[in-house]
Amino acid sequence: MFALPELGRLAYESVMQRDLNTLLGIVFVSALLVIAINFLVDLLYARLDPRIAGEG
């Protein structure tokens with residue numbers, strides 16, 4: 001999250017100013033992005049490896 005310049009700065013400033021709503025929004029959006037990327041990686045991995053696609 002802190003590798004993105006504007007998002008990292010916004011998160012840092014919201015911590016320093018104790019802006020809980022902005023900080024919660026940043027954490028929530030970051031968590032959604034991590035979940036979505038993990039889901040896409042799982043789908044891609046199952047597509048590329050036929051041993052995984054048949055199990056379940």
Tell me which donor-acceptor pairs under 3.5 Å the side chains of residues 17-27 have, and how far apart each pair is, sequence neighbours excluded?
unit_1, atom_1, unit_2, atom_2, d
Asp19, OD2, Thr22, OG1, 2.5

### Query
Going by side-chain heavy atoms closer than 4.5 Å, which hydrophobic residues are tied to Leu48, directly or by a chain of links?
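Other cluster members: Leu44.
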## Note on the structure
Residue set satisfying side-chain hydrogen bond (donor to acceptor under 3.5 Å, both in side chains) with Asp42, at least two apart, ordered chain then number -> none
#### Entry: Asn38 CG to Leu33 CG distance, which is reported to the nearest 0.5 Å
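The distance works out to 11.0 Å.
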